[in-house]
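Everything quoted here is computed from the prediction, not taken from an experiment.
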Amino acid sequence: IAQLGRIGYLKTIKKGLYVSTVYADKEPGESYVQFVANILRSPSYISTEYVMAREGLIPESVYWVTSITVKSSRKYSNFLGNYSYRNIKDSLFLGFKEKNWNNNIIYIASKAKALFDYLYLKSTYNIKADVYDARINWDNFSEDDLLELTKYVKLSKSIKMNNILKVVKKYYVS
């Protein structure tokens, strides 16, 4: 394998995981990048800012594919991009959908779950900054999304998330 890498036939995705250069050079579309995110650290699903940007909840470009896992947190960088894995407790490892790509399944969070994961995993706790100043485009967040977010907040049993949800609901209603 090392020799095939040196002569340029294989590209390293991570230690012990390789792809042929021929395939890598023709395939690196967004779905392939997402598929790799799911296999670099499994089980995992794509979430937080990556999904929020794709769904139009935040205006910023995102340069990391962030995924949620029940394993320890990790970061990987390879020729496809940068991947970050954040740990969440088992009971909150849900809220993702399956996307079929080339007879493979890609797991990706719903809009509401991506927002929940983003707020839940933030290390700072400042409701004003988290809700009002986060540049979240609330016009792209439906009532169904709000109901789904409420479900995850109740499941988390987190005082922080309950306080954030109260502010979100107040903001959303006004």
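Remark: N78 pairs with no residue by the side-chain hydrogen bond (donor to acceptor under 3.5 Å, both in side chains) rule, at least two apart or across chains. Here S73 pairs with nothing under the side-chain hydrogen bond (donor to acceptor under 3.5 Å, both in side chains) rule; sequence neighbours left out. With sequence neighbours excluded, the residues that form a side-chain contact (heavy atoms from CB on, under 4.5 Å) with Q3 are R6. Residues passing the side-chain hydrogen bond (donor to acceptor under 3.5 Å, both in side chains) test with K166: none are found, sequence neighbours excluded. By the side-chain contact (heavy atoms from CB on, under 4.5 Å) test, I159 pairs with N163, sequence neighbours left out. For S77, the side-chain contact (heavy atoms from CB on, under 4.5 Å) criterion is met by W64, N82, not counting sequence neighbours. Partners of Y107 under the side-chain hydrogen bond (donor to acceptor under 3.5 Å, both in side chains) rule, at least two apart in sequence or in another chain, do not exist in this structure.
Counting all heavy atoms, side chain and backbone alike, I106 lies closest to S31 at CD1-O, 3.4 Å. The two residues N140 and G56 come nearest to each other via the heavy atoms ND2-O, 2.7 Å.
For residues 32-54, the salt bridge (charged side-chain N to carboxylate O under 4.0 Å, His left out) pairs, not counting sequence neighbours, are E30-R54. Listed by first and then second residue, the salt bridge (charged side-chain N to carboxylate O under 4.0 Å, His left out) pairs involving residues 100-121 are K111-D145, K113-D117 (not counting sequence neighbours).
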Side-chain donor/acceptor pairs under 3.5 Å, residues 10-20, sequence neighbours excluded:
unit_1, atom_1, unit_2, atom_2, d
K11, NZ, D25, OD1, 3.1
K14, NZ, L40, O, 2.7
S20, OG, Y23, N, 3.1

Side-chain donor/acceptor pairs under 3.5 Å, residues 86-96, sequence neighbours excluded:
unit_1, atom_1, unit_2, atom_2, d
R86, NH2, L121, O, 3.0
N87, ND2, V70, O, 3.1
N87, ND2, K71, O, 2.7

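A distance-only check finds a donor-acceptor pair linking the side chain of T21 to the backbone of G8 [under 3.5 Å].
A continuous path of Ile, Leu, Val, Met, Phe, Trp and Tyr side chains, each step under 4.5 Å between heavy atoms, connects W138 with M161, placing both in one hydrophobic cluster.
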